[in-house]
A.B. asks: 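This is the structure I want to talk about, given as structure tokens.
Labels below follow one simple rule: chain letters A, B, ... track the order of the sequence lines, proteins then strands, and each chain is numbered from 1.
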Amino acid sequence: MEVVRPEFVPDASLSHEDMEALQRGIAETAVFEDDLPVDPARVCGGSGGASEPATDDAQTSLADATDSGDAATATDSGVPAEAPPLVAGVDQAFVDDHAVSAVVLLRGGEVIERVYAVEPVEIPYIPGLLSFREGTAILSAFDALSRDPDLALVDGSGRIHFREAGIATHVGVTLDLPTVGVAKSLLCGAPRESLDRKLPQGARVAIEADGDVATAEPGTRIGDAVQTRQFENSDRYVNPLIVSPGHRVGADTAADAVLACAAGYKLPEPTRLADQYADEVKAEVREELD
DNA sequence: GCGACAG
DNA sequence: ATCTTGTCGC
């Protein structure tokens, strides 16, 4: 798919000041409410999501996958059955000075396409400016994708960001694609309840803007901590994921989508499979580098 | 000056 | 993110 807003394409040669200015523009353009082409409740596996105590039923097929032919959508029973939404997962891996961005596209829990791109990284990791380091590789991978996803889950923050323009928001606005940010730790903002305790699977704790979020009124809900997985018979516990709207998705739907895509692992399937694919590609790309 | 910070 | 053994839980 292609870039819809060229003015927001991440440019690593900008000064930090200009990068921040660009982020403010991105945040003003971003839509933090539902504006999806599909029913958010059906985003992933045809069945439910993770709300059930993890029995080891469908552990999902190992992704090797070439793909499938296109099955027609038409049904001959009375009502036209809509095909499940196309959900993409995005994640990166690094090899020396190169970023490997992987995008895995799923429909009803099935992998239908996988693409990747390798781009040299121009700048170091700087909290708050992550998209300027990884954005080029991500857009390059999306350019190789043959169809447009209905929704994409991106590793990292979306609205939970100092200027409400995390990597999920940056990518979403640039492509005008509905996105959700899925991070493993909190960049900024304040949980309304302590996260240092064992939360039950399916639980959500709102994250609100605090003084670190320069563009939002303190108290604004900018995302949630979401418990996609939890141990049953143990004193140990799994930390929640930090989920936030990227673009064209509200906080409730962002959390709904992540929980709907959870299949027994902490990470939702799209992101988990993209993470796995990025590692595979990394191993191969590792050699063809001088 | 100090703290604090996705991947 | 990346470098890694063992350990725990399901």
A.B. asks: Look at the side chain of A:Q230 and the backbone N and O of A:L199, then say whether any donor-acceptor pair between them is shorter than 3.5 Å.
C.D. replies: yes

A.B. asks: Run the side-chain contact (heavy atoms from CB on, under 4.5 Å) test against A:A283 and tell me which residues pass, sequence neighbours left out.
C.D. replies: none

A.B. asks: For the backbone of A:D176 and the side chain of A:H247, can you confirm whether one donor and one acceptor N or O come within less than 3.5 Å of each other?
C.D. replies: no

A.B. asks: Which atom pairs link the protein and nucleotides 3-8 of chain C when you take only N or O atoms and keep those under 3.5 Å?
C.D. replies:
from	atom 1	to	atom 2	distance (Å)
C:dC3	OP1	A:R286	NH2	2.8

A.B. asks: Quick one: side chains of residues 210-219 of chain A, donor-acceptor pairs under 3.5 Å with protein atoms, not counting sequence neighbours, listed by atom name and distance.
C.D. replies:
from	atom 1	to	atom 2	distance (Å)
A:D210	OD1	A:D212	N	2.9
A:T215	OG1	A:E164	OE1	2.7

A.B. asks: Does A:L129 reach a base, just sugar-phosphate, or nothing at all? Heavy atoms under 4.0 Å.
C.D. replies: base

A.B. asks: What is the distance, rounded to the nearest whole Å, between atom CG of A:D97 and atom C1' of C:dT2?
C.D. replies: 13 Å

A.B. asks: Just by modelled atom types, is the A:L86 backbone N or O under 3.5 Å from a matching donor or acceptor in the A:D150 side chain?
C.D. replies: yes

A.B. asks: Which pairs pass salt bridge (Lys or Arg N to Asp or Glu O under 4.0 Å) with one or both residues in residues 23-41 of chain A, sequence neighbours excluded?
C.D. replies: A:D35-A:R248

A.B. asks: Give every residue pair that meets the salt bridge (Lys or Arg N to Asp or Glu O under 4.0 Å) criterion with at least one member in residues 7-17 of chain A, sequence neighbours excluded.
C.D. replies: none

A.B. asks: Sequence neighbours left out, what pairs pass salt bridge (Lys or Arg N to Asp or Glu O under 4.0 Å) with at least one residue falling in residues 180-194 of chain A?
C.D. replies: A:R192-A:E208, A:E193-A:R197

A.B. asks: Using a heavy-atom cut-off of 4.0 Å across all strands, would you classify A:I167 as base, sugar-phosphate, or nothing?
C.D. replies: base

A.B. asks: Which part of the nucleic acid, if any, lies within contact of A:A168, taking any heavy atom under 4.0 Å across all strands shown: a base, the sugar-phosphate backbone alone, or nothing?
C.D. replies: nothing

A.B. asks: Identify all side-chain donor-acceptor contacts of residues 92-106 of chain A below 3.5 Å with residues at least two apart in sequence or on another chain.
C.D. replies:
from	atom 1	to	atom 2	distance (Å)
A:Q92	OE1	A:S101	OG	3.0
A:Q92	NE2	A:E134	OE1	3.0
A:Q92	NE2	A:D155	OD1	3.1

A.B. asks: Would you mind telling me which residue lines up with the more 5' stretch of DNA chain C, A:Q230 or A:D279, judged by nearest nucleotide?
C.D. replies: A:D279

A.B. asks: My understanding is that only one of A:C261, A:P84, A:P268 makes a side-chain contact (heavy atoms from CB on, under 4.5 Å) with A:V43; could you say which?
C.D. replies: A:C261

A.B. asks: Whole angstroms only, please: what is the OH-P distance between A:Y265 and C:dC10?
C.D. replies: 15 Å

A.B. asks: Heavy atoms only, 4.0 Å cut-off, all strands: where does A:F94 land among base, sugar-phosphate and nothing?
C.D. replies: sugar-phosphate

A.B. asks: Considering only Ile, Leu, Val, Met, Phe, Trp and Tyr, and joining two whenever side-chain heavy atoms are under 4.5 Å apart, list the other residues clustered with A:L22.
C.D. replies: A:F8, A:L14, A:M19, A:I26, A:I123, A:I126, A:L129, A:F132, A:V173

A.B. asks: Mind checking if A:S185 touches a base, just sugar-phosphate, or nothing, with heavy atoms under 4.0 Å?
C.D. replies: sugar-phosphate

A.B. asks: Which nucleotide of DNA chain B is the first, and which the last, in the 5' to 3' direction, to come under 4.0 Å of a heavy atom belonging to chain A?
C.D. replies: B:dC5 to B:dG7

A.B. asks: Where is the tightest heavy-atom contact between A:V115 and A:Y277, given as atom of each residue plus distance?
C.D. replies: O-CE2, 3.6 Å

A.B. asks: So what does the secondary structure string of DNA chain B come out as, 5' to 3', with Watson-Crick or wobble pairs under 3.5 angstrom, [ ] for crossing and | for pairs with another strand?
C.D. replies: .......

A.B. asks: If you write DNA chain C from 5' to 3' in dot-bracket form, with Watson-Crick or G-U pairs under 3.5 Å, [ ] for crossing pairs and | for pairs with another strand, what do you get?
C.D. replies: ..........

A.B. asks: Considering only heavy atoms, which members of residues 211-221 of chain A lie under 4.0 Å from some atom of DNA chain B?
C.D. replies: none

A.B. asks: May I ask you to decide whether A:R272 forms a salt bridge with A:E269, counting only side-chain N to carboxylate O separations under 4.0 Å?
C.D. replies: yes

A.B. asks: Roughly how many Å is it from NZ in A:K198 to C1' in C:dG9, rounded to a whole number?
C.D. replies: 10 Å

A.B. asks: Under 4.5 Å between side-chain heavy atoms, hopping through other hydrophobics if needed: is there a path connecting A:L36 to A:F32?
C.D. replies: no

A.B. asks: Begin from the C-alpha positions of A:S146 and A:E113 and carry the test side-chain hydrogen bond (donor to acceptor under 3.5 Å, both in side chains) through to its verdict.
C.D. replies: CA-CA 8 Å; A:S146 70; A:E113 187 175 357; 2.8 Å; yes

A.B. asks: Can you tell me if A:T271 uses its side chain to pair, donor with acceptor, with the backbone of A:L267 under 3.5 Å?
C.D. replies: no

